[in-house]
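Report on the structure given below.
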Amino acid sequence: MTRFPRHLVRADLQAFDGYSSARTSFAGPPARIWLNANEAAEPNRADPGGSVRRYPPPQPEPLRRSFADYLGARQSQVLLARGSDEAIDGLVRTLCPPGSDAGIVVCPPTFGMYAVSAAVHGVPVHEVPQVDAGHRFRHDLGAVADTVRRTGARVVFLDSPGNPTGSTVDPGQLDTLLGDLAEHSVVVLDEAYAEFDVAGRSWVPDLARHPHLAVLRTMSKAHGLAGARVGALVADPELVQVVGRVQAPYPLPAPAVEMALSALAPEAIQHTHARVAATARRRERLAAVLAGHPGVATVYDSAANFVLVRSGEADSMLSRLREAAIAVRDMRHLPGLSDALRVSVGTEEEIDAVVRALRDDRAPATALREERAP
Ligand code: PMP
């Protein structure tokens, strides 16, 4: 059985115990009277039942178990986090020595937080741009492997389906990359949008085969709990433990844990599946609506809950949408996306509103043409 390549963890953190909280350091049978955490003796009036008077468990076992069951993982492979954002930061801090040359590899266009975490931590970000293949983006994973070997990067971040592209990583190529980098780097596959990729599959079952693979999951997208801030690192138990020791003591607020737990009950998951299927159908409608707009040059295939488009008329589209009080994401600041907008899949009514706003957009030009017509 292959083992997690421990040498990829920062040398100074290998024997690091982390913070010993009141919750984690109390041993023996449960106490009757808890006076070890400097909590208030009486509840706040805003919390008459006292449901949040005490610090929460650092890794609440029922949620960890439910999340593991949902993903087909073992509980020891799951580290709950304050959104996958916190897991990203934890991986960078655990694996990359701060201020060193051992940084991360990203494949733009991609989720911006990988580079932000690396920058805050003081390690370099090596970019291996994706290739625009017309209606989808493709990763150059051969170049990723070369870059890791050349730079000594400790972490590779890939998102699949990717934000903002909506494209997925080729499974065969990812398998090859994992084989190439077994001793060199942790390969993080961010599956934030995995539920929307109805034709795809998760890489959680592959963790046993590839101990240097780490998967990120979140309750923020398909489960509809972005405001609860619940995500997870799913990885080899050894990596889970060491990132857990780097994590702040009580990452998950008790009300968020309760809500996430309810959202992972079987009936709630069934409901989520139905919402995801409906979102995928509306995604196709939104893509068709955008493709039908005369100013739109490209609509990328998407396996996520958003669509990326290119338009030479992005300015006028944005201002029409803004006039209709519709916010979409302007991606034009990103290299290679100087004409791109990202639109999340809304409700049918919200897509109707986009249709109306963009129809208005063409009206003056059409009117102009008609005036000029003989
Ligand atoms: N990964 C990707 C690819 C994302 O797009 C996002 C959010 N936009 C995140 C992670 C962060 O998710 P969370 O809400 O779990 O922190």
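These numbers come from a predicted model, not from an experiment.
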Practice prompt. Would you please classify the geometry between the Phe196 ring and the Tyr193 ring as parallel, tilted or perpendicular, with 30° and 60° separating the classes?
Written response: tilted
Worksheet item: Which of parallel (below 30°), tilted (30 to 60°) and perpendicular (above 60°) describes Phe67 and Tyr70?
Response: tilted
Discussion item. Looking at Gly103, is its backbone amide N or carbonyl O close enough to the side chain of His121 to form a donor-acceptor pair, meaning the two atoms are under 3.5 Å apart?
Written reply: no
Worksheet item: By ring pair (Phe, Tyr, Trp, His ring centres under 6.0 Å), which residues pair with Phe4, not counting sequence neighbours?
Response: none
Worksheet item: Just by distance, do the side chain of Arg342 and the backbone of Pro164 share a donor-acceptor pair under 3.5 Å?
Response: no
Worksheet entry | Residues which pass salt bridge (charged side-chain N to carboxylate O under 4.0 Å, His left out) with Asp85, listed by chain and number, not counting sequence neighbours | Arg229
Worksheet item: What residues, two or more places apart in sequence or in another chain, satisfy ring pair (Phe, Tyr, Trp, His ring centres under 6.0 Å) together with Phe26?
Response: Trp34
Worksheet item: Between Arg154 (side chain) and Cys96 (backbone), is there a donor-acceptor pair under 3.5 Å?
Response: no
Practice prompt. Please confirm whether the backbone N or O of Ala208 pairs with a side-chain atom of Gln77, one donor and one acceptor, at under 3.5 Å?
Written response: no
Worksheet item: So, does Ser185 use its side chain to make a donor-acceptor pair with the main chain of Val187 at under 3.5 Å?
Response: no
Fill in: From CG (Asp190) to CG (Leu233), nearest 0.5 Å
11.0 Å
Practice prompt. List in chain and number order the residues that pass ring pair (Phe, Tyr, Trp, His ring centres under 6.0 Å) with His139, two or more places apart in sequence or in another chain; answer none if no residue qualifies.
Written response: none
Worksheet item: Do Arg6 and Asp236 sit within salt-bridge range, that is, some charged N less than 4.0 Å from a carboxylate O?
Response: no
Worksheet item: Can you name the side-chain hydrogen bond (donor to acceptor under 3.5 Å, both in side chains) partners of Ser117, sequence neighbours left out?
Response: Asp89
Practice prompt. Could you work out the complete set of other residues in the hydrophobic cluster of Met331, with links drawn between I, L, V, M, F, W and Y side chains under 4.5 Å apart?
Written response: Phe137, Tyr300, Leu308, Leu334, Leu337
Worksheet item: Do any N or O atoms from the side chain of Ser84 and from the backbone of Ala87 form a donor-acceptor pair under 3.5 angstrom?
Response: no
Worksheet item: Sequence neighbours excluded, which residues qualify as side-chain contact (heavy atoms from CB on, under 4.5 Å) partners of Ser100?
Response: Pro97, Ala102, Val123
Worksheet entry | Residues that, via side-chain heavy atoms closer than 4.5 angstrom, fall in one hydrophobic cluster with Tyr250 | Tyr55
Item to complete: Considering only NZ, NE, NH1 and NH2 on the basic side and carboxylate oxygens on the acidic side, decide whether Glu348 and Arg285 come within less than 4.0 Å.
Response: yes
Worksheet item: Is any side-chain N of the basic residue among Glu284 and Arg281 closer than 4.0 Å to the acidic one's carboxylate O?
Response: no
Item to complete: Under the salt bridge (charged side-chain N to carboxylate O under 4.0 Å, His left out) rule, collect the residues that match up with Arg332, sequence neighbours excluded.
Response: Asp315, Asp330
Discussion item. Give me each pair satisfying salt bridge (charged side-chain N to carboxylate O under 4.0 Å, His left out) with a member in residues 293-312, each pair once, sequence neighbours excluded.
Written reply: Asp132-Arg310, Arg310-Asp339
Discussion item. The criterion is side-chain contact (heavy atoms from CB on, under 4.5 Å); which residues satisfy it with Ser160, sequence neighbours excluded?
Written reply: Thr168, Val169, Leu189
Worksheet entry | Residues that Glu39 engages under salt bridge (charged side-chain N to carboxylate O under 4.0 Å, His left out), provided they are two or more places apart | Arg23, Arg54
Worksheet entry | Donor-acceptor pair between Arg275 and Thr272 side chains, under 3.5 angstrom | yes
